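Presented below is the structure to which this report refers.
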Amino acid sequence: MSSRRKILAVASSGGHWIQLRRMSAAFPGGETIWVSTSEGHRAEVLPDHFRMVPDCNRWDKLAVVRSALKMAWLVLRIRPTHVVTTGAAPGYFAILFSKFLGARTLWIDSVANAEELSMSGEKARGSATEVWSQWPELATPAKAGLAEVRHHGSVL
């Protein structure tokens, strides 16, 4: 495996994408491959690489399967060393599959989740290297099989 960093930056379109893009200056050196659910974001990340995955939600199980399979395929082809995501489901799948390749992974829960972690964020705690919340009140210690939720400041 190459020692060069390959960062997979994943977010669903909308607020998740905006928050992830605002953090891009903080990414460590290396190649960044952006992944989102809207082809319209490709021009925003040039000259970096961009990949699209199908959008999904918990009520459309077939869309969830399609999105998961596409993300698994991307992770196997790209072989990221790092994954950074602000959500939602595609980010969770990126973390889940990248874990098996030994990638370091970071889930940053959406600023909109002020009272509790998102459903995907809770799931990510079982696979992510680190989980961050943008609200200090949501920081919680690690527990059996779940990552600690840390607060390191806010995007906004």
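All values reported here derive from a predicted model rather than from experimental measurement. Along the sequence shown, residues are numbered consecutively beginning with 1.
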Inter- and intrachain pairs under ring-ring contact (aromatic ring centres under 6.0 Å, His included), touching residues 30-64, at least two apart: W17-W34, W17-H41, F27-W34

ring-ring contact (aromatic ring centres under 6.0 Å, His included) partners of residues 64-106, not counting sequence neighbours, each pair once: none

Any [X] side-chain heavy atom under 4.5 Å of [Y] side chain:
X    : Y    : answer
V53  : T37  : yes
L101 : V75  : yes
M23  : I108 : yes
S13  : D55  : no

Residue pairs, two or more places apart or on separate chains, that pass salt bridge (charged side-chain N to carboxylate O under 4.0 Å, His left out) and touch residues 90-99: none

All side chain to side chain donor-acceptor pair (under 3.5 Å) counterparts of S38, not counting sequence neighbours: none

Connected hydrophobic set around V65, excluding itself, where side chains approach under 4.5 Å: L69

Partner set under side chain to side chain contact (heavy atoms under 4.5 Å, CB included) for L62, not counting sequence neighbours: D60, R66

E130 versus W132, side-chain donor and acceptor atoms under 3.5 Å: yes

Donor-acceptor pair between S118 and D109 side chains, under 3.5 angstrom: yes

